Amino acid sequence: MIVDSSKWKHVFKLDPDKEISDESLDRICLSGTDAIIVGGSSGVTFDNTVDLLSRIRGYEVPCVLEVSDSEAIVPGFDLFFIPMVLNAEDPDWILGRHHEAIKEYGAMMDWNEILVEGYVILHADSTAAKITRARTGLSERDVQAYARMAEHLLHLPIFYIEYSGTFGDMDLIRSTKRVLETTRLFYGGGIDGPEKARMAAEAADTIVVGNLIYEDLERALETVQALI
Ligand code: 1GP
């Protein structure tokens, strides 16, 4: 069955490179979140991805692999999200790695399970910004232009504003959402509890909660309840 991500309001992002106990994982998977994304900016390997997938697969929650390294592509997820970092200065993160991965695996890929996310990374100090050499000093018009590119030039299903590690500018998120019609706006970064979850959910279509799972599980679980 192909999972439909177009109605998701809340997702948790689990990092295969970080430890999580069975009990915590159980609570995350049964929290009522719309989906779990498995992904991280560094230290993601085939082995730690398989390990996490096999632990999540015991639950009904949809599970997505966000691919950042072609060595760590593990079959068996419901969907595969492929980040295309639109504001990367290292072109490898726009299409280079994608080309390499498709050269290797293109013939066996099920394209119905693959969604491309047009990313704009805005937190200069984040690992993702450093790895991709993201041009983070963008104006509102710059970000809106990337959003329009994602929707109208590239026909991407998802436009993802990434502030990983810090809470972003909600005015910017709101004004970007206004220029999108069909492409879904994902927001991730610095959601540290129910209040920020609510603020972000009012501005974006889908919110992503990552680090908080590892920092304060109770508050992470409250971000799901906050949107009900
Ligand atoms: C990271 O957007 C996600 O890719 C979530 O960010 O870890 O800051 O919650 P945080």
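Both counts, for ligands and for their atoms, begin at 1 and track the order of listing. Remember, predicted model here, so these are calculated numbers, not experimental data. We number each residue from 1, following the sequence as shown.
One finds no salt bridge joining Lys7 and Asp34 here, because no Lys/Arg side-chain nitrogen approaches an Asp/Glu carboxylate oxygen to under 4.0 Å.
The backbone N or O of Ala88 lies less than 3.5 Å from no partner atom in the side chain of Arg133, so there is not a single donor-acceptor pair. Looking only at distances, no side-chain donor or acceptor of Arg219 sits under 3.5 Å from a matching main-chain atom of Leu212.
The distance from ligand 1 to the heavy atoms of Asn211 drops below 4.0 Å at these ligand atoms: 7 (O), 8 (O), 9 (O), 10 (P). The ligand atoms of ligand 1 that sit less than 4.0 angstrom from a heavy atom of Gly190 are 8 (O), 9 (O), 10 (P). Each of the following atoms of ligand 1 lies closer than 4.0 Å to a heavy atom of Glu162: 1 (C), 2 (O), 3 (C), 4 (O).
Residue Asp142 holds its CG atom at 11.0 Å from OG1 of Thr136, rounded to the nearest 0.5 Å.
Here's the thing with Val209: none of its N/O atoms is less than 3.5 angstrom from an N/O atom of ligand 1. Below 3.5 Å of separation, one finds no N or O of Leu212 facing any N or O of ligand 1. Residue Lys13 has at least one nitrogen or oxygen atom sitting less than 3.5 Å from a nitrogen or oxygen atom of ligand 1, judged on distance alone. Ligand 1 has a nitrogen or oxygen under 3.5 angstrom from a nitrogen or oxygen of Gly210.
Of all the heavy atoms of Tyr160, the ones lying under 4.0 Å from any atom of ligand 1 belong exclusively to the side chain.
For the pairing with Trp8, the side chain to side chain contact (heavy atoms under 4.5 Å, CB included) check across Ile207, Asp205, Val3, Val208 returns one residue only, Val3.
Using bins of under 30°, 30° to 60° and over 60° for the plane-to-plane angle, the ring pair Tyr160/Phe186 lands in the tilted bin.
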